[in-house]
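For reference, the structure is listed below as structure tokens.
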There are 2 protein chains.
Amino acid sequence: MVKEQNTEDRIVDAAKKVFINKGMDGARMQEIANEAGINKALLHYYFRTKNKLFEKVFSLVFGDVLHVIEQAVTKETDFEQFLENFIRQYIRLLKNKPFIPQFVIHELNRKPERIVAQIQSKNVIKEQMFSIIERAVEKKEIRPIQPVHLVTNILALCIFPFVAKPMVKGLALDDDEKKYKQYINERPDEVVAFVKQAVLLR
Amino acid sequence: MVKEQNTEDRIVDAAKKVFINKGMDGARMQEIANEAGINKALLHYYFRTKNKLFEKVFSLVFGDVLHVIEQAVTKETDFEQFLENFIRQYIRLLKNKPFIPQFVIHELNRKPERIVAQIQSKNVIKEQMFSIIERAVEKKEIRPIQPVHLVTNILALCIFPFVAKPMVKGLALDDDEKKYKQYINERPDEVVAFVKQAVLLR
DNA sequence: ATCTATTTTAACCTTTTGGTTAAATCGTTT
DNA sequence: AAACGATTTAACCAAAAGGTTAAAATAGAT
């Protein structure tokens, strides 16, 4: 956020922007250099290859996502609090960086092995989430549901409006950016309410 | 599905396969030619440019999706039937062509104008869906919910497990393809139940 | 048999792009 | 002032990729 940053950071920020918007294939080193306000030679001086730069960017972006999830998961609260917290935090992240999911998904499908590389740090999170859900089921706070399904349901509801923005905006909202923003602002409440209705036992 | 097809169809099928897997940027004309069992010269003989070929493929694929949606929407039934029908049909489509959503989403984000071009045919569908939902709300069959949100919720729940396959499989299912298939098979029931719980008034 | 459209072969062109290199410049530190 | 790292300039290279072309081969129809 500070104007004062060193070249390496400027490069990484520029690369984030370009890679996220264009993907690995669509991104051009020249464009990244321009975006960073430097020239191609210096770009390669810092990061020898496009691939190295991309890997750096990917792990940073994916790290951001994991961090938010971890944050929400490790706060020991009851299920309802966890749900609210998780959904609102997650959507807030995506509101600030709306291209993250498309980027992550696209690159994950392009090179699924990457997941395996970082699997250990995620496994902790997974176990945590699953156990929160299982406990809630045992305590009859929510109806019986497999953790995998509930987790993917929640993620789906949070992520979809961002990856499918042109569809949502174009098809349902008269291609009106204001209406889309309004819609996005309504999302946290909507998703929380939807999921609660779907699983909470009353 | 027939082995006997003319060259143009073979090309289009091959192009579908490659474009869907690699995207516009990642796809190679040579690879499409190989996949179709012909050479590059003949490929360009049928489709002068990569772009023309791509546009053809995109509209075909997107047409498939719209067709399924249209099918489900135009069957005049009550809300519950519509819900079941829509979800099961849609997931069946994705089970057969799992790469469609990622492809459509990626290309839609790359060139959002494309939506505007086909907007009229979709507007009918949209109106139909929205009115089904509004009627259900009026009749107190479901709790009050904005059609945009409900529609996107349903689409999200259907689509996400396919676009995020590596994540679901890797994170939650021990990277086990069998478990993933099992999970996908459970999806229709799960989604139907989830949505019903979330909106149906009992 | 010949005409026609289809298909192949293979060479070729051009543009784009990732990446390199060498020399010069600028700025800071010592 | 000298020295060093950071940065620019600009030319260059090689590979990849989209696209073209011309000539030959193949096959089907009249």
Side-chain angles (χ1 to χ4, degrees), chain A residues 2-61 99 102-103 106-107 109-111 113-114, chain B residues 2-61 99 102-103 106-107 109-111 113-114:
Chain A
V2 192
K3 194 80 195 171
E4 193 61 52
Q5 24 174 14
N6 61 33
T7 305
E8 187 159 342
D9 289 343
R10 288 228 317 280
I11 291 177
V12 170
D13 282 352
K16 259 189 202 172
K17 196 168 168 181
V18 176
F19 277 132
I20 281 179
N21 278 302
K22 310 261 170 109
M24 167 68 174
D25 292 325
R28 300 290 155 236
M29 292 299 269
Q30 187 58 60
E31 195 182 345
I32 294 173
N34 294 344
E35 186 71 38
I38 58 167
N39 54 356
K40 218 175 49 164
L42 190 60
L43 180 56
H44 282 284
Y45 175 80
Y46 276 91
F47 295 88
R48 271 207 313 287
T49 68
K50 188 184 183 182
N51 228 346
K52 284 202 193 315
L53 181 53
F54 179 81
E55 293 293 340
K56 179 115 194 177
V57 167
F58 183 85
S59 72
L60 283 176
V61 171
F99 288 102
Q102 201 207 323
F103 173 68
H106 184 246
E107 299 305 335
N109 278 292
R110 217 174 51 96
K111 219 175 177 183
E113 316 86 74
R114 242 187 298 250
Chain B
V2 193
K3 193 80 197 173
E4 193 62 50
Q5 24 176 13
N6 60 34
T7 306
E8 187 160 342
D9 290 344
R10 290 229 315 279
I11 292 176
V12 170
D13 282 354
K16 259 189 202 172
K17 196 167 167 181
V18 177
F19 277 132
I20 281 178
N21 279 302
K22 310 261 172 110
M24 168 67 174
D25 293 324
R28 299 292 154 234
M29 291 300 268
Q30 188 58 60
E31 194 182 346
I32 294 173
N34 294 343
E35 185 71 38
I38 58 167
N39 55 355
K40 216 176 48 164
L42 190 61
L43 181 56
H44 282 284
Y45 175 80
Y46 275 92
F47 296 88
R48 271 209 309 288
T49 69
K50 187 184 184 184
N51 229 345
K52 284 201 194 314
L53 180 55
F54 178 81
E55 293 293 340
K56 178 114 195 176
V57 167
F58 182 84
S59 71
L60 283 176
V61 171
F99 288 103
Q102 201 208 321
F103 173 68
H106 184 247
E107 299 304 335
N109 278 292
R110 217 173 51 96
K111 221 177 175 183
E113 317 86 75
R114 246 188 295 251

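In what follows, chains carry the letters A, B, and so on, assigned in the order in which the sequence lines appear, proteins first and then strands, with residues in each chain numbered from 1.
- B/E8 places its CD atom 16 Å from the P atom of C/dA5, with the value rounded to the nearest Å.
- The CZ atom of B/R10 lies 9.5 Å from the CG atom of B/D13; values are rounded to the nearest 0.5 Å.
- No engagement by B/F47 is indicated, since no non-hydrogen atom pair under 4.0 Å with the nucleic acid exists.
- The environment of A/F54 atom CZ is dense: over 12 non-hydrogen atoms of other residues, nucleotides or ligands sit within 6.0 angstrom.
- Of the side-chain N and O atoms in A/Y45, none sit less than 4.0 angstrom from OP1 or OP2 of D/dT7.
- One finds the CG atom of B/L53 at 14.0 Å from the CZ atom of B/F58 (value rounded to the nearest 0.5 Å).
- Atom CZ of A/R110 and atom CD of B/Q102 lie 11.0 Å apart (nearest 0.5 Å).
- OP1 or OP2 of C/dT7 sits under 4.0 Å from a side-chain N or O of B/T7.
- Taken from CD1 in B/I32 to CD1 in B/I11, the straight-line distance is 9.5 Å, to the nearest 0.5 Å.
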task: Sugar-phosphate means primed atoms, P, OP1 and OP2; the rest is base. With that split, encode nucleotides 10-30 of chain D 5' to 3' as B, S or - using protein heavy atoms under 4.0 Å.
output: B------SBBBB---------
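- The side-chain heavy atoms of B/F103 and B/V57, taken from C-beta on, include a pair separated by under 4.5 Å.
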